[in-house]
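Shown next, in structure tokens, is the structure this report addresses.
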Amino acid sequence: MDISKLKAFMCVAKWQSFTKAAAELYISQPALSKKISDFEKELGAPLLIRDNRTVELTDAGKLLYNEAPAFLTIADNLERKVRELSLRPGSRLSIGCTGIETGRIARAIDRFRAAYPDVSIIMHRYTVPELKRMLLTNMVDIVFQTHFEVEHEPEVHSIPFCRDELAVVMSKTHPLAHLDEVRMDQLQNEVYFGIQPQQDHMPFSYMINQLCEGGYEPKEIQVASSLEDLLLSVSCGLGIAHLFMQTKVANSGMVHYARCREPNMELQIDLVWNRNNNNPATRWFRELVQKENEEV
């Protein structure tokens, strides 16, 4: 029995619709219809009664739909155990990020290494478009991206990893550098720096829209080519910027971080993986993060 065809049948039976099932499986309706027809031929029994509007189960279809979940559970568990047996010392988990969100990633990696010491972790730093391309081609197992970047991507799965507030960063000699919290209306006459969209998780359009809704209008907007260039410009007093608060530990020697009282902005960072990724270490890392989310 072809398990992929069985799963396709189960999806059609669940929705009683080829249209909805095809959408869930990300295949065309003709391809799904052929898969079901081939499956019926293999079994030697019709499973579905089709007409122009509805899909109903035959007696054989009802039997299969009721009995198959237990079989699929056994098959999935068996596949998982076989894959886990293939994991040997020297197996790898490849993680991609932009470098902006490394603070909490480092802590998650420490906990993962303690639980799975035989798994080697390889870190890669990419631009935002490169992260997506490397993930979709399975060149990396896991990436970290903001939720709004991946919420409509059909080829990936994601779970919440952390939330982080955006802090205002300014030079250490800035008149407001003695404050731990500021309002954006106190910075109306400042040049505002951002990072090129391909380098940063926070597109300019999103950031500026959020700020304008809060009543902030920058004197001028400038685009830095990298995080390093942005930090250099801000540390020299050429303007201000927003960065994740979790980057404070790495960069507080160069610039001053202040919480933004109004408007307060938070972004959700997701752990993201390709739906076709079969690396057991990917699942283990994901389960570790999910467990910690439940405990918070």
Is any side-chain heavy atom of [X] closer than 4.5 Å to a side-chain heavy atom of [Y]?
X: E165; Y: C260; value: no
X: S94; Y: M139; value: no
X: V140; Y: I95; value: no
X: E24; Y: K14; value: yes
X: I159; Y: R286; value: yes
X: Q29; Y: T19; value: yes

Identify the residue among R259, M184, H174, E181 that makes a side chain to side chain contact (heavy atoms under 4.5 Å, CB included) with V168.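 Among R259, M184, H174, E181, the one that satisfies the side chain to side chain contact (heavy atoms under 4.5 Å, CB included) with V168 is M184.
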Run the side-chain hydrogen bond (donor to acceptor under 3.5 Å, both in side chains) check on N277 and T282 step by step: do they pass? CA-CA 8 Å; N277 184 288; T282 301; 2.9 Å; yes
Would you check, one step at a time, whether the test salt bridge (Lys or Arg N to Asp or Glu O under 4.0 Å) holds for K5 with E42? CA-CA 10 Å; K5 294 176 182 175; E42 290 176 14; 2.4 Å; yes
Would you call the rings of Y116 and F112 parallel, tilted or perpendicular, where under 30° means parallel and over 60° means perpendicular?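 Rings of Y116 and F112: tilted, as their planes differ by 30° to 60°.
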Would you call the rings of F144 and F285 parallel, tilted or perpendicular, taking 30° and 60° as the class edges?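 Because their plane-to-plane angle is over 60°, the rings of F144 and F285 count as perpendicular.
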For H242 and Y192, what are the C-alpha separation, side-chain angles and deciding distance, and is it a ring pair (Phe, Tyr, Trp, His ring centres under 6.0 Å)? CA-CA 9 Å; H242 274 99; Y192 185 83; 5.8 Å; yes
Ignoring hydrogens and geometry, is there a side-chain-to-backbone donor-acceptor pair from [X] to [Y] under 3.5 Å?
X: H256; Y: A177; result: yes
X: Q186; Y: R183; result: yes
X: E40; Y: L48; result: yes
X: S235; Y: L231; result: yes
X: D76; Y: F71; result: no

So which of K291, Q290, R283 actually passes side-chain hydrogen bond (donor to acceptor under 3.5 Å, both in side chains) with E287?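 Passing option: R283.
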Would you be so kind as to tabulate the donor-acceptor pairs closer than 3.5 Å made by side chains of residues 55-62, with sequence neighbours excluded?
| from | atom 1 | to | atom 2 | distance (Å) |
| --- | --- | --- | --- | --- |
| T58 | OG1 | P46 | O | 2.7 |
| T58 | OG1 | L47 | O | 3.3 |
| T58 | OG1 | A60 | N | 3.4 |
| T58 | OG1 | G61 | N | 3.0 |

Using every non-hydrogen atom in the two residues, find where [X] and [Y] come nearest and quote the distance to one decimal.
X: V289; Y: P160; answer: CG1-O, 3.9 Å
X: L32; Y: A22; answer: CD2-N, 3.6 Å
X: E190; Y: G239; answer: OE1-CA, 4.4 Å
X: W273; Y: D141; answer: CB-O, 3.5 Å
X: I105; Y: C97; answer: CD1-CB, 4.0 Å
X: L243; Y: Y257; answer: CD1-OH, 3.6 Å

When you look at [atom1] of [X], are more than 12 heavy atoms from neighbouring residues, nucleotides or ligands closer to it than 6.0 Å?
X: K219; atom1: NZ; result: no
X: K20; atom1: NZ; result: no
X: R111; atom1: CZ; result: yes

Treating Ile, Leu, Val, Met, Phe, Trp and Tyr as nodes and any side-chain heavy-atom pair under 4.5 angstrom as an edge, say whether [X] and [Y] lie in one connected cluster.
X: L238; Y: M254; result: yes
X: Y65; Y: W15; result: no
X: V272; Y: I122; result: no
X: L6; Y: I27; result: yes

What distance separates [X] [atom1] from [Y] [atom2], expressed to the nearest 0.5 Å?
X: Q145; Y: L135; atom1: CD; atom2: CG; value: 7.0 Å
X: F193; Y: L230; atom1: CZ; atom2: CG; value: 7.0 Å
X: L72; Y: M10; atom1: CG; atom2: CE; value: 6.0 Å
X: N279; Y: N274; atom1: CG; atom2: CG; value: 12.0 Å
X: R163; Y: F244; atom1: CZ; atom2: CZ; value: 10.5 Å
X: N276; Y: H157; atom1: CG; atom2: NE2; value: 8.5 Å

Run the side chain to side chain contact (heavy atoms under 4.5 Å, CB included) test on M123 and I109 for me, step by step, so that the C-alpha distance in whole Å, both residues' side-chain angles and the decisive distance to 0.1 Å come before the verdict. CA-CA 10 Å; M123 295 294 299; I109 288 174; 3.5 Å; yes
Test side chain to side chain contact (heavy atoms under 4.5 Å, CB included) on F18 and R50; report intermediate values, then the result. CA-CA 10 Å; F18 276 87; R50 308 164 177 83; 3.6 Å; yes
Set out, in order, the CA-CA distance, both residues' side-chain angles and the distance that settles side chain to side chain contact (heavy atoms under 4.5 Å, CB included) for I221 and V191, then state yes or no. CA-CA 6 Å; I221 297 173; V191 174; over 6 Å; no
Under the criterion side chain to side chain contact (heavy atoms under 4.5 Å, CB included), I'd like the reasoning laid out for N77 against I74: C-alpha separation, chi angles, the key distance, then a yes or no. CA-CA 5 Å; N77 288 337; I74 294 172; 5.9 Å; no
Electrostatic pair R275-E155, nearest N-O below 4.0 angstrom: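 Salt bridge absent between R275 and E155.
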